[in-house]
Amino acid sequence: MNPIQLFDPVSSTYTYVLFDTTTRDAIIIDPVDTQLERDLQVLRDYGLRLVLALETHAHADHITSAGMLAELAGAKTAAPVDCGISTAAVQLKDGDTLSFGAEKIRALHTPGHTAGSMCFVWRNHVFTGDTLLINGCGRTDFQSGSAAALYHSLTQVLFKLPDATTVWPGHDYQGKTQSTIGAEKAGNPRVAGKTLEEFVAIMDALHLPPPKRIDEAVPANLHGGLRHDAHPANSLQVQPAPGYAGDISGALAWRWVLSGEAVLVDVRTDAERAWVGFVPDTPAVAWKQWPGMVSNPDFDAELLAAVPPGKKVVLLCRSGVRSIAAAKRATELGLKAYNILEGFEGDPDGNAHRGHKGGWRHNGLPWRQS
Ligand SMILES: N[C@@H](CCC(=O)N[C@@H](CS)C(=O)NCC(=O)O)C(=O)O
Ligand SMILES: [Fe+2]
């Protein structure tokens, strides 16, 4: 069985989808943001459940859709540990194996194009990213690239794989789709029969223009392609809001609690706190009460009792809806009240919350379960 090979003509990037034919668990390697719809359609067409989105490296020429695939398809993101992709849930080390259904894929650290670059071996296939291209190889002139390291990765790591291994590159600029380790070992003009010194001289003489999108692509790819900095939950600023003092992230709320300037008040029900978890030493003043989710008649009195004079109050609920209503009421009661964006389900890394099945992220707040 071959992988599904998909091509982005703008960046000449290959994306790969592999899957277990029984369980339909799938992984995607090096997805491109502008091809998100295509990739989701491929998953639907084949009836696949995306469990992993893998990166071979932090790309300099296009933006990944890994973060969006995590949000939209529920995939876990995985990236080489030395690539600095802070949002990747799995930080891969050399030799690590990932499973999808009964299938396994193994990570090989192959520095050179970038210091963290990896290739992935699945059955008798290798996904070489920009380490080995067909009749070529990745450039080594940016992102801690090193021609000497690449020579070692090519000759001592990739060329040690069986000759019959199919090579699936991360890019091709001439319309070629696949090769083999044997063919590249014998005929790759940059490395076949070349000494380390000859290879380094070839790489030093390339003088390629920088990728057109490098300044935008690299910072985005270090956050899984999501505009991490633009996500309000990640901002340590107060966002103005009508009817109360403002919206803040869980991280800023907790900073205020630690500094003593604010009191955190949990407005969820007792049942939610017991089931999902709670922030230790935090007063609970339910906005609505279970059973029936009726308004808590004692809300005003309980809230005023929980907030010492002169302190701000930050309000926490499950998803950031009840806490807005509570913040408005607290403001009417004369308090300086803030809402924690996306509540207890907010993801401090800026990924959309996944609900209970995907694991609560607790918005960067400390928490315990009863
Ligand atoms: N013209 C392309 C540049 C492509 C490029 O530099 N690609 C990198 C991979 S990210 C590379 O290693 N290319 C090797 C080569 O062109 O030989 C762009 O502007 O995006
Ligand atoms: Fe690259």
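Both ligands and their constituent atoms are indexed starting at 1 by order of listing. Predicted model only: the values in this text are computed from it and were never measured. Worth knowing before you read on, the calculation uses all heavy atoms, side chains too, and leaves out hydrogens, waters and symmetry mates.
Residue-level proximity to ligand 1 for His113 is carried by the side chain, the only part with a heavy atom below 4.0 angstrom. At a 4.0 Å heavy-atom cut-off, ligand 1 does not touch Ala60 at all.
Ligand 1 lies nowhere less than 4.0 angstrom from a heavy atom belonging to Ser12. A heavy-atom separation below 4.0 Å is found between Arg190 and ligand 1.
Residue Gly138 approaches ligand 1 through these ligand atoms, each under 4.0 Å from one of its heavy atoms: 12 (O). Remark: ligand 1 atoms within the under-4.0 Å shell around heavy atoms of Asp130 are 9 (C), 10 (S). Close approach of ligand 1 to His171 is summarised as follows: ligand atoms under 4.0 Å from at least one heavy atom of the residue are 9 (C), 10 (S). Near Asp61, meaning under 4.0 Å from one of its heavy atoms, ligand 1 places the atoms 10 (S), 20 (O).
At least one N, O or S atom of His113, from either the backbone or the side chain, sits less than 2.8 Å from the Fe ion (ligand 2). Distances from the Fe ion (ligand 2) show that His57 has an N/O/S atom below 2.8 Å.
Within Asp130, the N/O/S atom positioned nearest the Fe ion (ligand 2) carries the name OD2.
Polar contact check, His57 against ligand 1: no nitrogen or oxygen pair lies under 3.5 Å apart.
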